[in-house]
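These numbers were taken from a predicted model, which means no experiment stands behind them.
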Amino acid sequence: MKLFGAEFVLNEEMGRTANDSIAAYRKQVLRELDERVTFHRVVEKHESVVDDYLRPVLGELDHLKVRTTVHVPDILFAET
């Protein structure tokens, strides 16, 4: 396979090695993300936004089945 002008030979062993490397890197990225989420108190800030801005407009959210999330771009494959 050619990619960006370089030729790669892919076989089962290379695929396993690449998958293992990606899995290890993903674990490291997730660990670092968890540390940053804790340090910056993202959960508390998210809950505060919901309580301060959404609840006054929508009322009790549980019966509405509303779910809120914080979007975090995938930094492992951000530019692929």
Side-chain angles (χ1 to χ4, degrees):
M1 168 176 61
K2 288 190 176 188
L3 183 64
F4 304 116
E7 187 169 337
F8 297 91
V9 177
L10 299 177
N11 58 32
E12 188 174 325
E13 182 179 341
M14 292 295 288
R16 242 189 335 268
T17 302
N19 284 338
D20 290 346
S21 296
I22 290 170
Y25 186 63
R26 182 170 289 281
K27 284 181 185 178
Q28 178 185 350
V29 167
L30 289 174
R31 188 171 40 252
E32 290 178 17
L33 178 62
D34 287 343
E35 289 173 5
R36 289 182 184 194
V37 164
T38 300
F39 178 79
H40 292 288
R41 299 177 44 233
V42 173
V43 172
E44 292 89 349
K45 290 176 182 177
H46 179 234
E47 289 172 350
S48 178
V49 168
V50 169
D51 290 340
D52 294 347
Y53 297 97
L54 289 179
R55 285 193 198 283
V57 174
L58 298 175
E60 186 55 44
L61 301 176
D62 293 335
H63 77 281
L64 295 175
K65 297 184 180 180
V66 172
R67 184 180 84 179
T68 63
T69 60
V70 175
H71 173 73
V72 178
D74 187 337
I75 61 173
L76 183 59
F77 294 109
E79 298 182 18
T80 58

>> According to a hydrophobic-cluster definition based on side-chain heavy atoms being under 4.5 Å apart (Ile, Leu, Val, Met, Phe, Trp, Tyr only), do Val72 and Val37 belong together?
In response: yes
>> To the nearest 0.5 Å, what is the distance between CZ on Arg36 and CG on Asp34?
In response: 11.5 Å
> Can you tell me how far the CZ atom of Arg26 sits from the CG atom of Leu33, to the nearest 0.5 Å?
Replying inline: 11.0 Å
> With clusters built from Ile, Leu, Val, Met, Phe, Trp and Tyr whose side-chain heavy atoms come within less than 4.5 Å, directly or transitively, what are the remaining members of the cluster of Phe39, listed by chain and number?
Replying inline: none
>> For Glu47, give me all partners under side chain to side chain donor-acceptor pair (under 3.5 Å), at least two apart in sequence or on another chain.
In response: none
>> Can you give me the closest heavy-atom contact between His46 and Thr69, atom names plus distance?
In response: NE2-N, 3.9 Å
